[in-house]
Protein chains: 2
Amino acid sequence: MDKRSHMIAGATRAFEAQGFRGIGVDAVLAPSGASTRTLYKHFGSRDGLVLAVLEQRHQDFMARLNDEGADPVGKLFDALEQWLAEHGARGCMLLRARSEYAGANEAIVTLVRRQKEEFEHEIGQRVAAALGHPDPALARQVWLLFEGATAAASVSDLSIISAARQAAKVLVEAARTRTP
Amino acid sequence: MDKRSHMIAGATRAFEAQGFRGIGVDAVLAPSGASTRTLYKHFGSRDGLVLAVLEQRHQDFMARLNDEGADPVGKLFDALEQWLAEHGARGCMLLRARSEYAGANEAIVTLVRRQKEEFEHEIGQRVAAALGHPDPALARQVWLLFEGATAAASVSDLSIISAARQAAKVLVEAARTRTP
DNA sequence: TGCCATGTAAAACGATCACTTTACATTCGC
DNA sequence: GCGAATGTAAAGTGATCGTTTTACATGGCA
């Protein structure tokens, strides 16, 4: 892995544990052992590194969702459960960045909005696969459960993910019987 | 209103717009016009003010939920919709504080966890009222929808709250037919 | 009247911030 | 073997951070 990727991975860990604004560049670079000079060569600024971290984080998570098969909606929550078990449950890093940089860095706010639209679209495809036809309203509801589970897990325990998966199942089943 | 309440109200607005860590004490005190000396007389430290803001915010929101009546679960989302229309949708301030101060101020993390437990308990009472008997699993699911709606509204529009209310209705109805 | 509580204004504290610069080591294609 | 690229180490930039301090104004209560 090249230096740039190392820096992104290390910075991701630092931001995840301590937030984005409440940490200095030295602490951000410590996990990767990079110097501040290398930071500004590669990313131009601290905020440039933040943007790179968010891009990578979104790609990494979306890549986890790739295994299609039976119960595509339920697999969403399987992936979330595994992800949170690995990374720890501290709330969605993208939304955390959005709220910390609101009013300070519009590029970050815009990026996160676009990423969430992309994610909601992915859920829409899975809902359509489960139902046999698209159902944007149901997709939104499943998305709500997903974001709720991610947020709630930071103040609860991981069993909350199963509650979300079960709720999604009930909603999908209700939609199926409504339009059979 | 006394000075202390003014400072809390002003600081709440500042934190809401710009986050907790990415803002200096001068900007926090600007809305109330208080001096830094008064800040440290009343709250001891910047973090002390943050704690007071979070306590007040939780009490204010819980007070909004007090009107009981028909459809106690649906009224949760009515209150949320009204709240977000007034305050703007930037994610739950309590969870935002939790994630920004994780690893830096344990008192804040502990406070938010307790507040969320209290809120989940309130939902449990409403679910019991709607169903005629307690259903902790359903209460958890409604809570998920609530937190999901709060989070999602920051990157979507307020119509997402209606989607959450509708999903909660479906879940309650499913629970009702399951155990009639 | 006199006094204490409560407030603002403003300067100063050392620490830390994001960022730049200088100096030097290493690797690699040519 | 040599120059260019890429890296670390470390000092220094001015700005801003949270906090303390000094000085002074105001008000209600004894």
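Naming convention: chains lettered A, B, ... in sequence-line order (proteins, then strands); numbering from 1 in each chain.
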request  = Check every strand shown and say whether Ile23(A) touches a base, only sugar-phosphate, or nothing at a heavy-atom separation below 4.0 Å.
outcome  = sugar-phosphate
remark   = Rounded to whole Å, the CE-P distance (Met7(A) to dT8(D)) equals 7 Å
message = Determine whether a donor-acceptor pair (N or O, by modelled atom type, separation under 3.5 Å) exists between the side chain of His87(A) and the backbone of Trp83(A).
response = yes
remark   = Arg4(B) CZ to dA5(C) P, in whole Å, measures 18 Å
Whole-Å distance separating the OH atom of Tyr40(A) from the C1' atom of dT21(C) = 13 Å
request  = Give the rounded distance in Å between these two atoms: CZ of Arg46(B) and C1' of dT16(D).
outcome  = 13 Å
message = On the nucleotide dG7(D), are OP1 or OP2 found under 4.0 Å from the side-chain N or O atoms that His42(A) carries?
response = yes
query = Can any side-chain N or O of Ser156(A) pair as donor or acceptor with the backbone N or O of Ala152(A) at less than 3.5 Å?
reply = no
note = Among the nucleotides dC19(C), dT19(D), dT8(D), whichever has the atom closest to the side chain of Thr38(A) is dT8(D)
message = How many whole angstroms separate atom CZ of Phe20(A) from atom P of dA18(C)?
response = 14 Å
key: Reported CD-to-NZ distance for the pair Glu81(A) and Lys75(A), which is rounded to 0.5 angstrom   = 14.0 Å
ask   = For Arg21(B) and dG18(D), what is the distance between atoms CZ and C1' respectively, to the nearest whole Å?
value = 12 Å
task = Taking atom types as modelled, find out whether Ser35(A) and Thr38(A) have a side-chain donor-acceptor pair closer than 3.5 angstrom.
result = yes
remark   = The answer to which of Arg37(B) and Asp47(B) contacts DNA chain D further toward the 5' end, by nearest nucleotide, is Asp47(B)
query = Tell me: NZ of Lys3(A) to P of dT26(C), nearest whole Å?
reply = 15 Å
query = Atom CG of Leu39(B) and atom C1' of dG18(D): how far apart are they, to the nearest Å?
reply = 9 Å
key: Pair of N/O donor and acceptor under 3.5 Å linking dT20(C) base with Thr36(A) side chain   = yes
